[in-house]
Amino acid sequence: MMQFLETLHAEYGQLFSVDRVIYREKTDHQDLVIFENAIFGRVLALDGAIQTTERDNHIYHEMLAHVPILAHGRARNVLIVGGGDGGCLREVARHPVDQICMVDLDRKVIDLSKKYLPSLSDGAFDDPRLTLEIADGKAFVNQTDRRFDVIVVDSTDPIGPGAALYTPDFYAGCRRCLAEGGVVVTQNGVPLLQEDEVRDSYRALKHLFADVGFYLVPVPSYTGGALAVGWATDDPELRQHEYATIAARYDNAGLPTRYYSPAIHVGSFALPPEISAIFG
Ligand code: SAM
């Protein structure tokens with residue numbers, strides 16, 4: 001039986017049995033593979049790092065989209081940076097927002113995810129509110145005239161093209177195109193294994209925003225413990241909403257969630273002391 005060993009960390013990796021390789025290609029930007037595993041279903045990997053799986057992507061994508069949008073409460077324009085598999089777009093599109101802009105560097109990730117992982121986007125690439133830009137996210141946020149209430153950074157890890165999405169220049173661009181009262185969330189790695197990522201992002205964001213923090217999401221295929229999602233805004237109230245406020249917004253939105261709930265939303269901002277200590 002073939003196997004896929006994740007090579008994200010030099011000293012430690014998870015091993016998947018591969019029932020079938022569905023597709024493999026070196027795109028202009030990344031080494032892409034989609035394979036089938038008995039537990040996780042179809043799995044997308046880029047440059048040796050697991051990106052998403054059919055089995056557990058809802059946990060990550062629901063939390064990446066619903067936490068900032070429901071905390072904001074009146075988001076009209078949402079930007080997704082990265083997210084080429086379409087899972088984040090699927091969840092953002094469940095909200096009654098006016099416009100969704102998605103910027104991904106690699107058209108191949110989008111096209112191949114639509115073809116081989118159709119449940120990820122579930123038709124959301126056809127949403128008339130979507131503007132799709134094939135561009136580097138860092139260049140986009142530093143040039144666009146558009147302004148966004150919520151920016152979701154659904155990036156690869158800071159290796160290869162994704163490294164640009166962890167730089168002070170990128171975060172400054174996010175600040176530049178964030179509307180007043182807006183919030184930015186960023187995929188920030190697993191603190192147990194990627195402590196520097198959390199520390200560096202915190203320092204860079206703290207220069208730019210009044211309120212910076214993280215919330216935690218346990219995604220089984222991002223091995224090593226809970227994933228940290230960076231949170232940056234000038235409005236400290238956004239991450240201090242009471243349960244009742246979030247619950248009322250959730251009920252109003254009628255979201256068909258499997259992992260996200262208002263209680264999990266509020267609780268996800270509680271950090272173990274050892275994680276707070278990384279940036280405290
Ligand atoms: N959820 C995944 C994770 O946590 O690793 C990320 C999934 S998504 C497939 C990551 C996307 O980021 C890919 O589609 C990739 O093409 C895109 N990407 C990487 N670097 C980028 C950049 N500089 N600008 C825009 N998109 C980028």
Side-chain angles (χ1 to χ4, degrees), residues 6-9 14 23 25-34 40 42-65 79-92 101-117 120-121 124-125 132-144 151-167 169-171 173-174 177 185-191 193-194 197-198 201 214 216-230:
E6 187 174 35
T7 53
L8 181 58
H9 311 293
Q14 57 178 333
Y23 191 85
E25 179 178 337
K26 258 190 184 303
T27 74
D28 289 344
H29 303 282
Q30 299 162 111
D31 182 7
L32 178 152
V33 60
I34 298 171
F40 285 97
R42 292 194 177 185
V43 178
L44 168 69
L46 293 173
D47 292 339
I50 299 299
Q51 300 296 304
T52 197
T53 83
E54 287 180 327
R55 179 69 184 86
D56 68 353
N57 83 86
H58 63 285
I59 301 174
Y60 173 79
H61 292 127
E62 288 179 10
M63 289 297 282
L64 210 57
L79 171 65
I80 301 167
V81 181
D85 54 67
C88 186
L89 174 63
R90 176 193 75 213
E91 297 303 328
V92 169
C101 180
M102 179 169 153
V103 184
D104 196 291
L105 186 68
D106 197 339
R107 180 178 289 283
K108 281 286 174 101
V109 179
I110 296 167
D111 291 346
L112 295 169
S113 297
K114 275 161 78 172
K115 184 165 181 187
Y116 296 114
L117 296 161
L120 264 290
S121 53
F125 283 111
L132 187 58
E133 305 264 354
I134 303 302
D136 172 50
K138 185 169 78 161
F140 179 86
V141 294
N142 280 294
Q143 287 163 12
T144 181
I151 300 177
V152 180
V153 186
D154 183 10
S155 68
T156 49
D157 291 277
I159 302 161
L165 306 182
Y166 295 78
T167 58
D169 264 9
F170 171 67
Y171 294 138
C174 289
C177 66
V185 297
T186 70
Q187 190 287 98
N188 232 133
V190 170
L193 301 173
Q194 292 153 300
E197 225 172 278
V198 171
S201 295
F214 295 91
L216 296 180
V217 185
V219 186
S221 59
Y222 301 154
T223 182
L227 176 87
V229 180

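The model shown is predicted, which means the values in this text are computed figures rather than measured ones. Each ligand, and each atom within it, is numbered from 1 in the order the structure gives. Along the sequence shown, residues carry numbers from 1.
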**Message:** Looking only at the side chains, is there a donor atom on one of Asp85 and Thr52 sitting less than 3.5 Å from an acceptor on the other?
**Reply:** no
**Prompt:** Taking Glu6 for the side chain and Ile50 for the main chain, is one N or O donor matched with an acceptor at less than 3.5 Å?
**Reply:** yes
**Message:** Among all the protein's non-hydrogen atoms, which is closest to atom 6 (C) of ligand 1, and how far away is it?
**Reply:** Gln51 OE1, 3.1 Å
**Request:** Would you mind checking which non-hydrogen protein atom is closest to atom 13 (C) of ligand 1, with the distance to 0.1 Å?
**Result:** Asp104 OD2, 3.4 Å
**Asked** Would you say Ala164 has any N or O atom under 3.5 Å from an N or O of ligand 1, going by distance alone?
**Response** no
**Message:** For ligand 1 and Asp85, I'd like to know whether there is a polar contact (N/O to N/O, distance under 3.5 Å).
**Reply:** no
**Message:** Under a 3.5 Å distance rule, please check whether Asp157 uses its side chain to pair with a backbone N or O of Ile159 as donor and acceptor.
**Reply:** no
**Asked** Does Glu54 offer a backbone N or O that forms a donor-acceptor pair with the side chain of Arg42 under 3.5 Å?
**Response** no
**Nitrogen or oxygen atoms of Gly84 and ligand 1 under 3.5 Å apart** = yes
**Protein heavy atom at shortest distance from atom 19 (C) of ligand 1** = Thr156 OG1, 3.5 Å
**Cation-pi check, Lys115 onto Tyr23 ring (under 6.0 Å, within 45° of axis)** = no
**Request:** Tell me which protein heavy atom sits closest to atom 12 (O) of ligand 1, plus the residue, atom name and distance to 0.1 Å.
**Result:** Gly82 CA, 3.6 Å
**Request:** Indicate yes or no: does an N/O atom of Leu44 lie under 3.5 Å from an N/O atom of ligand 1?
**Result:** no
**Request:** Kindly say whether Phe140 contributes a backbone atom to a donor-acceptor pair with the side chain of Thr144 at under 3.5 angstrom?
**Result:** no
**Message:** Checking contacts here: is it the side chain or the backbone of Ala49 that comes within 4.0 Å of ligand 1, counting heavy atoms only? Could be both or neither.
**Reply:** neither
**Asked** Just going by heavy-atom distances, which of Asp154, Leu165, Leu227, Val103 is nearest to atom 21 (C) of ligand 1?
**Response** Leu165
**Asked** If only atom types and distance count, is the side chain of Asp47 paired as donor or acceptor with the main-chain N or O of Asp31 below 3.5 Å?
**Response** yes
**Message:** Please list, in number order, the atoms of ligand 1 under 4.0 Å from a heavy atom of Val109.
**Reply:** 14 (O), 16 (O)
**Asked** Without hydrogens or angle criteria, can the side chains of Asn188 and Thr186 be said to hold a donor-acceptor pair below 3.5 Å?
**Response** yes
**Request:** State the atoms of ligand 1, each with its element, that fall below the 4.0 Å cut-off from a heavy-atom position in Ser155.
**Result:** 2 (C), 3 (C), 4 (O), 5 (O), 6 (C), 10 (C), 12 (O)
**Request:** For Gln187 and ligand 1, answer yes if some heavy atom of the residue is under 4.0 Å from a ligand atom, otherwise no.
**Result:** yes
**Request:** Before signing off on this row, confirm whether Asp136 and ligand 1 have an N or O atom pair separated by under 3.5 Å.
**Result:** yes
**Message:** Distance under 4.0 Å to a non-hydrogen atom of Gln30: what atoms of ligand 1 satisfy this?
**Reply:** 15 (C), 16 (O)
**Message:** Please list the nearest protein heavy atom to atom 1 (N) of ligand 1 with its residue and the distance rounded to 0.1 Å.
**Reply:** Tyr222 OH, 2.8 Å
**Sidechain-backbone polar pair: Asp154 side chain, Cys88 backbone, donor-acceptor under 3.5 Å** = no
**Item:** Beyond-backbone contact of Leu112 with Glu25, side-chain heavy atoms, under 4.5 angstrom
**Value:** yes
**Message:** Between Asp56 and Tyr222, do the side chains contain a donor N or O and an acceptor N or O under 3.5 Å apart?
**Reply:** no
**Item:** Nearest-neighbour protein heavy atom for atom 26 (N) of ligand 1, which is reported as residue plus atom name and distance
**Value:** Leu105 N, 3.2 Å
**Prompt:** For atom 24 (N) of ligand 1, what is the nearest protein heavy atom, given as residue, atom name and distance?
**Reply:** Gly137 N, 2.9 Å
